[in-house]
Structure formats: structure tokens, C-alpha cells
Amino acid sequence: MFRRRAAPAATVTVRLDGEAVAAAAGDSVAAVLLAAGADYRRHGVGGAARAPFCMIGNCHDCLVEVDGVANRQGCLVTVAEGMRIRRMRGKPVLAT
Amino acid sequence: MSAAVDLAIVGAGPAGMGAALEAARHGLRPVVLDEHGAPGGQIYRNIEGVTRDRPGDLAVLGADYGAGAALVAAFRAADIDYRPGSAVFEVGSGGLGVLSDGVARRLEAREIILATGAMERPVPQPGWTLPGVLSAGAAQTLLKASNLVPAGRVVVAGSGPLLFLLAWQLAEAGVDIAAILRTSPRGNLWRALPHALGLVGNPDVAKGLGWIRALKRRGIPFLEGVTALAAEGDDRVERVRYRRAGGETVLPADTLLLHEGVVPNPQLARASGAAHDFDAARGHLAARHDDWLQTSLDGVALAGDGLRIHGAKAAPALGRWAALGCLLRLGRLEAATAERGRAEARAEVARAARPQAFLHELYRVPDEPMTPRDDDTVVCRCEALTAGEIRRALALDVPGPNQLKAFLRAGMGPCQSRMCAPTVARMFAARDGRGVTEGDHFRLRPPVKPITVRELAEMQDLAAD
């Protein structure tokens, strides 16, 4: 649960699981998800709720799908206008 | 990026910037590869953005943060090939693998300086994988980079100077801190006292005590001698449990910020194959290096906190020192000039790092929780492996960490053992009743960043040119 202290100087709009979300220009994807408040992801091993721990590229608990590429480090990817972000929810299920 | 460059520097924190500026000063244009979008590293993260968009927050973040603006401005003004958004996933003598915008490239470089900085010492606590539990540094990064602060009841726990700085910054930023739980054992002060001379006349000491006084003035409870710290909750942290003075307390909490000091980030240097030893006094792996900060690999040097923790103020001088060695090996400097520069840098490092011995002893992390007694504590976050599971495997006479992978996949997840390696190493040493060695740590191999097979395949095509 994080709150923004002041309105950002500039914003971009990203799609978070299909929904339009306003983000501060320069935000990391992880920061956008933390500011959005809702759950971050479900772990691929065991399915527990997880969220970023370190925010500087070490813990890899911020993994997220960005523009169709899974397992991007959300804390290291800077948002861009129209970026498609999807939360990763546990182990992927292969189509049968 | 296929033609060889003279000097490539990994990281644009104070050490990387110091190295680049020294190279530029001697007429060499270095390539600086930075995982982030702007120079500053973690310590001066987003200093340009804060100065431009919210200058009022320079007071919130403190004078040491603001001091980074001059270094970043000098870096921007110098003739440096700065490449933001470039993650280095592999390094060795003569070149590196760089991932940017979804394209992997190999960069040939005659000299390489790794200035990859520090990371917070990962210390497993019960419940530390719950959302709402973050490292103190994570909260600091969110404040600097995105002006985000934790909402609700915030508990700060651990030890080390950064913990107090972070708490002070959050309080200045309007966060209501419910409690500061200090985990460093009281006995540490006695062990630290012989090093107290290093504090004399150092302005940072007064600053640190100032943060603590300011926090106490705000009425934030400071609880000493906390043990058995645990985060509890279902899908996120709801409570913090701890023991103190024989009693157990449960505090409601929405955010728990943990910090137990910083260690060199060993990932890239170790994956390069550079020789490391376990520094028992400091409790972390440290690279072997010569008098020019060159590692056991020809043409691969280390600078800044990635080498040893000397602090941000010593980092630019360490960068200069490493750069002088590169310039010397490249034949761009006379030996006498390089040695003169090194003597100056060495003196500056010694001056800036004087309090480190005291601080290290004062905030030394006890073996427990580095080797969790509680069987249910998650040690390997990526593979969700508990201390109990690892101990059971160790009891089967698993010879070392690389064999442990075959039993449990420990250290094989996305973080590639960044978060569990120090704990697993201590668990092996504890099982065998001896001190920790380098061999107790997982062997690391590139790539050290998540990269797709397609990106790797493209890199091979480029390298064939």
C-alpha cells in the first residue's frame, strides 16, 4: 500500500490487465502496480501472493508481463505511453 | 557496438561516474552501461528528476542526496558515451553482453570496470515474502524515483545507518512511523568501541545521531534489543511479532520495512569468474584484486561498494583509482602520473571510509537470523524453499551448494541465488561446524539477467560480425 505524495509533473497512460491506468512519467512498472494498490502477482511456485521486495533488481519478486514478454523485472522497466502490463498469476498453464 | 572500445564501465552510480570522469579527463571516451534510465545509481537515484520536478523534496531526502547533483552534472557534461537502460548480463576479459530494448549485443572492451554497487544484505525473517514487507532501500527507491510512500501503519526494523536515514526521510515525507525496532545486539557496541577513533571529526556521525534525535523528538518509539522478528498475515502483512526483554509483542502493521546493512552486490563479478574470498569479518564475499583494483581477470576491475563497502563518499575516488589502472594498462598514462593519482585517490578513500570499521561492528548481524532457527522461514524466495527443507537436504550429506540445486532447485530461480546464497552458505558452514568459505556459495554463471532465448540467439548473430 503506497500513496503518491503529490501529483506527478507529467503522466502517461498504460494498460494494466486491459484497464487504462495513469502513471507518472519515469515511473517503473513496479511503482505503478504498487501505487495502484491491488495485488501484484501470484508466485509461480506455490501460488502465494508476492510483491516487490528490493526495488533495485535483485529479488526478482517484481516479475511482470510487459508488452507480451513475461518475467520482465518490473522495478527496472520504465513505463511508456500505451505500455501493456499484465500481472502474472502463478504458474502459466499451457493450452492443451 | 561491435568494434572494440578501450573502456567500458558497468554502472552509473558514484563509482562508475567517478571512473568515467577520470577516463574523460585523460582524453579517453568510455562507454558507460547503466541498467537505469538516468545516472546516479541507487544513492543518487533520480537526482535530476527530483531537482527539476520537486526541488522541495531535496530537503526531505537530505543534504547527502542533493550533493549528488554536482557529480551527475559533471558526468553529463563530460565526453562520455552514456548508455542508459542497458543491462549487462555477462562479462569477461575483453567484452560484455548487454541487453537493451529487447536486443542483446556483445561489446568488445579492452578494459572493463564493474561499478555495480551494493545491495541490502538479504536476511530471511519469518513472513518476509508477504506483500507489504519490503527492504528499507526499496521504500527509499520508491520515494526518490516515484514520490511514493507507504500508507497506513509503517514499522521499520533492523539495524545499520541506512535504517535511520530511511526512517528520517519517511518521517520528513509525512509518513507516520509506528515503531522502529532495532535488532543489533547490545554487545555489538563493545566490539565496535576499539574502532571509535575512526569516528573522530567525521561529520557523518553527527548527521546519523541527528537523524536518531529527530526521530525520537517526533515521539516515534525506538525499541532496542528486538529478536525473533516475524511478519504475519494472509495475503499481505497484517502484524509484526517480536520478542524483547523476555516478552512477546504483536504490532498491527500495513508495511514492514527491513534492513540489515549493505554488502557488495557480487552477482556480475562472480559470474565473470573473478576470484572471490569470503571475508569473515565483514560477512560477505569479496573479490581479490591487485593494487589497481583489477580482479583476477585481466582487464576487469572493480570500483566502489561492489568492491568493499566504503560508502558513497569514497566511491568516486575508488572509480578514479580503477580508471587510472585501466589508463595505465592501455598505455594512455605515464606510470608516475597514474601512481600520483592513485595516491590521492587512496588517501581520499581512507578518509571517507574511516567510520566503516566502527559501523560494521556496531551493526554486525548475528548468526541468527542469518541461519533461521524456525523451520518454516522461507530462505530461497524464488523456489519457495524453507529453512527446514534445506536443513533436511543438508542432513543427507549434500556436499555443497551446487549439489543442493539437484535436490531442491535452491538458488535456481529468477534471482539466481541473490537472495538466498548468503544464508545457504551459512547453513552449510553451520552443519559442518566451521567458518563460511567461498565454496559454500552457489557457482554463478551468465546470464545474470532474465533474457529470452531469442535475444541470446540474436546476440550470437551480432557477435559473428
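Bear in mind that the values here come from a model prediction, so they are computed numbers and not experimental data. Letters go in sequence order (proteins before strands), and every chain restarts at 1.
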### Query
Of the backbone (N, CA, C, O) and the side chain (C-beta and beyond), which part of A:D61 lies under 4.5 Å from a heavy atom of chain B, both, or neither?
side chain
### Query
Checking B:D234 against chain A: side chain, backbone, both or neither under 4.5 Å from a heavy atom?
neither
### Summary
When every non-hydrogen atom of B:A145 is compared with those of A:D27, the smallest separation belongs to O-OD1, 4.5 Å
### Message
With a 4.5 angstrom heavy-atom cut-off, is it the side chain or the backbone of A:A51 that approaches chain B, or both, or neither?
### Response
both
### Query
Between B:T255, B:V133, B:D254, which shows the greatest number of heavy-atom pairs under 4.5 Å with chain A?
B:V133
### Message
At a 4.5 Å cut-off on heavy atoms, which part of B:A136 comes close to chain A: side chain, backbone, both, or neither?
### Response
neither
#### Entry: Heavy-atom neighbours of A:E19 CD exceed 12 at 6.0 Å
no
### Query
For B:V237, is it the side chain, the backbone, both, or neither that has a heavy atom closer than 4.5 Å to a heavy atom of chain A?
neither
### Task
Please flag which part of A:A24 lies under 4.5 Å from any non-hydrogen atom of chain B: side chain, backbone, both or neither.
neither
### Task
Report yes if some heavy atom in the side chain of A:M55 is under 4.5 Å from a heavy atom in the side chain of B:Q140; otherwise report no.
no
### Query
By salt bridge (charged side-chain N to carboxylate O under 4.0 Å, His left out), which residues pair with B:E48, not counting sequence neighbours?
B:R76
### Toward chain A, the part of B:E383 with a non-hydrogen atom under 4.5 Å
both
### Query
Side chain, backbone, both or neither: which part of A:P8 has a non-hydrogen atom closer than 4.5 Å to chain B?
neither
### Query
Quick one: ring-ring contact (aromatic ring centres under 6.0 Å, His included) pairs with a partner in residues 115-157 of chain B, sequence neighbours left out?
A:F53-B:W128
### Query
Quick one: of B:D53, B:T129, B:T141, who has the most non-hydrogen atom pairs under 4.5 Å with chain A?
B:T129
### Task
Grab the two heavy atoms, one from B:C382 and one from A:V45, that are nearest each other, plus how far apart they are.
O-CG2, 3.5 Å
### Task
Using distance alone, with no hydrogens and no angle criterion, decide if B:N147 and A:R5 have a side-chain donor and acceptor under 3.5 Å apart.
yes
### Query
Using non-hydrogen atoms only, which part of B:N265 is less than 4.5 Å away from chain A: side chain, backbone, both, or neither?
side chain
### salt_bridge(A:R50, B:D235) N-O dist < 4.0 Å
no
### Non-hydrogen side-chain atoms of A:H60 and B:R418 separated by less than 4.5 Å
yes
#### Entry: Min side-chain heavy-atom separation A:T78-B:H36 under 4.5 Å
no
